[in-house]
Each structure stands twice: as C-alpha cells, then as structure tokens.
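See structure below.
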There are 2 protein chains.
Amino acid sequence: MIVDTGWHKRFRGQGYRLTIPREAILHVLSNTEEHLSAEDIYMVVHQKYPAIGLTTVYRTLDILVQMGVVFKFDFGDGRSRYELTEHFSRKKHHHHLICTMCSRIIDYTDFIDDELELLDRTKKTLSKKHNFQITGHMMQFYGLCEKCKT
Amino acid sequence: MIVDTGWHKRFRGQGYRLTIPREAILHVLSNTEEHLSAEDIYMVVHQKYPAIGLTTVYRTLDILVQMGVVFKFDFGDGRSRYELTEHFSRKKHHHHLICTMCSRIIDYTDFIDDELELLDRTKKTLSKKHNFQITGHMMQFYGLCEKCKT
DNA sequence: ATTATTATTGATAATGGTTATCAATATTAT
DNA sequence: ATAATATTGATAACCATTATCAATAATAAT
Ligand SMILES: [Mn+2]
Ligand SMILES: [Mn+2]
Ligand SMILES: [Zn+2]
Ligand SMILES: [Zn+2]
C-alpha cells in the first residue's frame, strides 16, 4: 500500500509514477545512516519484496539522481554509493572522510558554515568567469582511519 | 634512452625500477594540460612505443598513485582520469569544474588560498576528533558548461 | 663472469558493476 | 473498452579494470 507523503506528486511532476519498488527504495534510503550501494539497497528491499529486481534498483536510483533526490558518490571502492540529498534527508549538509584502506566513511559537519560561505563565493566567481551554471559541489578528505593507520 | 631527472632515485627508493614504459607514461602526464584516462595515455604512448601494452599503463598508474605522484579522479564518465599531483606538476594546486552533460573539465584556482586555510583548519579538527590520519582532499563543482546549459 | 633472485612485461582471460534489450504487465488517457 | 504509455524483471551484453602466467629483463650473490 502506497502512503503518499508528497512523493507521488513529485514523481508525477516529472512524468514518473510512484510505484511499490520506487517507494521501497526510497524507504530504505530514508532509514539508513550508511552509504549504500545499489546492491546493498537491493538486498534490503529484497527481504520485503523478493520480486523486485536489481535492474529496477539501478533504474530507480538513476531517476532519483536525475530528480535531485539522491546524490551518487564514488568513494573509490569500485561501486557507486547513494545518499539522499540534503533537502530530503534528516542528515544536514555534510561531507565525507574516507579511509583509503578499508573504505570506512565518516560524515562530518565541522566548519560547514565557513565552507558554505567560501563555496558560495567560489560559485559566484566561477559561474561568471566560465559561464558555467553550477548545480552542486563535492568535497571529501582521504586518509587512514583509526584501525588502519597502525 | 633513459634520462635521469630524479625519477630513477625516487623509484628505487620504493623498490621499483625506472623503465622505458614508466618513463614514457610519466612523459605523457608531464606534457598534457588534459585529464587523461588510462586508455588516453596508452594511445599516446603507443605512437612512440607500440610494444607497450595497456596493462602496463594501468599497472604504472597504480604505482604512481601509490607513490603520490599521480592523483586518480572520478569525474563520473565511467573511467578514471589521472593528473600529476601538485608537487610534480607545473600546474598549481587547483580544483575542477565538471560539466555533467558533456564531461568537460575546467581547472580553477580561485580562492585557493582561502580554501587551503579552511581545509587546514578542517583537517586539524577532523584528524583529532576522529583519530584519522588525513592524506589528501578533493573538491569539485558540478554543473552545465557554456555549451550545454542553453 | 656465472648463476640465482627478483622485478617487469604484454597477451590473454576473467571479473564485476552497470546498461541495453525485450516481452510481459500494470497504469493512465481516450 | 480500447489505445497509448510507463514500469517491470530476466537475461544478455558491455566495458573498464584486474588477475594470471610464461617470457624476459635487471639486479644481486657467488
Ligand atoms: Mn554522508
Ligand atoms: Mn586538473
Ligand atoms: Zn580504515
Ligand atoms: Zn558541457
């Protein structure tokens, strides 16, 4: 049963339908603190809806990215990872600390205000100078986590 | 013929040998303004040394990344791209503006000083708070380039 | 020098995440 | 109803990257 929470309207606005698989995938993304891969999502969804296929997960994620609901990350471990964007997540704007050894990801929000101020300035300057319409940014730190640094 | 420019010593220091293929690959990376993929590099190298294989290019790039000579980027177009790190490049510290439509990449250096100051602060705080040894960072803007934004 | 050890190479095959294809089914518009 | 459109899952294909392996080159030991 589909519980409308505004998603229905949002999908229809883009010519899409809100289906069970799509709702299930959104539900998984809304209720995790992790940075799930397509297959991670597939496996969770699969427990409740064994009929939903991996292909549908990929397709839905593409749509969600295109709708600006989900951000697709590459943390260098060979698979893409997905996270709800700021506007649709209970998490606030944040960036990532990535362990290059074990791929552990840590969300951080330190200095986000200073950062946003800087980003805003940069954004303005760059859009003007290069006639570029900036839609987003990404920033991450690499290193070795507690366990991996020996 | 191998012209030693300090590379030889650097390779030996890590237990590697400076070979013709490795030198050729370094030469390509040193003389481009672009952000080349493994295959891009292979094709250039191949013109002068048809015997060098794509596998060797991948292997050498891995080593160079591991040595801190090269940075491996993911700009979202399905293949990794490589660029000499600040210390080994004539380019200065910079970041990237990426067109999500046509994958055009623009280097920019605006506000790099402010950014480095902020990054430094963030770095200090994060390493302490999460007991993380930070070795690098990445930052990029996404959007639509002049041609693609219409 | 000769020999033993180690590092490097390229061809080839395999891997594995992601996409394309397509016929079946569900939803919506007429 | 009926036609048009969207969505689906199974399957096969794609394609960048890795693993394998025997051949060769460079270095170290004798
Ligand atoms: Mn996160
Ligand atoms: Mn660059
Ligand atoms: Zn780790
Ligand atoms: Zn473009």
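In what follows, chains carry the letters A, B, and so on, assigned in the order in which the sequence lines appear, proteins first and then strands, with residues in each chain numbered from 1. Nothing here was measured: the structure is a model prediction, and the numbers come from that model.
For dA16(D), the OP1/OP2 oxygens have no side-chain nitrogen or oxygen of Ser80(B) closer than 4.0 Å. Remark: Arg22(B) is in phosphate contact with dT9(C), judged by side-chain N or O atoms under 4.0 Å from OP1 or OP2. For Thr55(B) and dT17(D), the shortest distance from a side-chain N or O to OP1 or OP2 is not below 4.0 Å. Residue Arg17(B) places no side-chain N or O under 4.0 Å from the OP1 or OP2 atom of dA7(C). Contact annotation: Tyr58(A) side-chain N/O to dT19(C) OP1/OP2 distance is not under 4.0 Å. Regarding contacts with the backbone of dT7(D), every side-chain N or O of Arg59(A) stays at 4.0 angstrom or more from both OP1 and OP2.
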- Message: I'd like to know whether Arg22(A) forms a side-chain contact (heavy atoms from CB on, under 4.5 Å) with Ile63(A), so could you lay out the CA-CA distance, the side-chain angles of the two residues, the decisive distance to 0.1 Å, and finally the verdict.
- Response: CA-CA 10 Å; Arg22(A) 288 172 184 175; Ile63(A) 289 173; 3.5 Å; yes
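Looking at Glu83(A) and Lys72(A), no side-chain N of the basic residue comes within less than 4.0 Å of a carboxylate O on the acidic one, giving no salt bridge. Salt-bridge formation is not detected for the pair Asp40(A)/Arg79(A): no Lys NZ or Arg NE/NH1/NH2 atom is positioned less than 4.0 Å from an Asp or Glu carboxylate oxygen.
Atom CG in Leu61(B) sits roughly 10 Å away from atom P in dT17(D) (whole-Å rounding). Distance CZ (Phe11(B)) to C1' (dT6(C)): 17 Å, rounded to an integer number of Å. Counting to the nearest Å, the P atom of dT18(D) and the CD atom of Gln66(B) are 14 Å from each other. Atom pair Tyr49(A):OH and dT7(D):P shows a separation of 18 Å (rounding to whole Å applied). Atom CZ of Arg79(B) is separated from atom C1' of dT18(D) by 17 Å (rounded to the nearest Å). Atom CG of Asp40(A) and atom C1' of dG17(C) are 13 Å apart (whole Å). When the C1' atom of dT6(C) is taken as reference, atom CD of Gln14(B) falls 17 Å away, rounded to whole Å. Nucleotide dA6(D) holds its C1' atom 16 Å from the CG atom of Asp62(A), rounded to whole Å.
DNA chain C is contacted by both Gly15(B) and Leu54(B); Gly15(B) maps to the nucleotide lying nearer its 5′ end (nearest heavy atom per residue). Between Arg12(B) and Arg81(B), it is Arg81(B) whose nearest contact on DNA chain D lies nearer the 5' terminus.
Stacking of Arg121(B) on the aromatic ring of Phe111(A) is recorded, both the 6.0 Å distance cut-off and the 45° axial limit being met.
Checking dT9(C), dT17(D), dT19(C) against every side-chain atom of Thr19(B), the shortest atom distance belongs to dT9(C).
In this structure, the ring of Phe88(B) has its center less than 6.0 angstrom from the ring center of Trp7(B).
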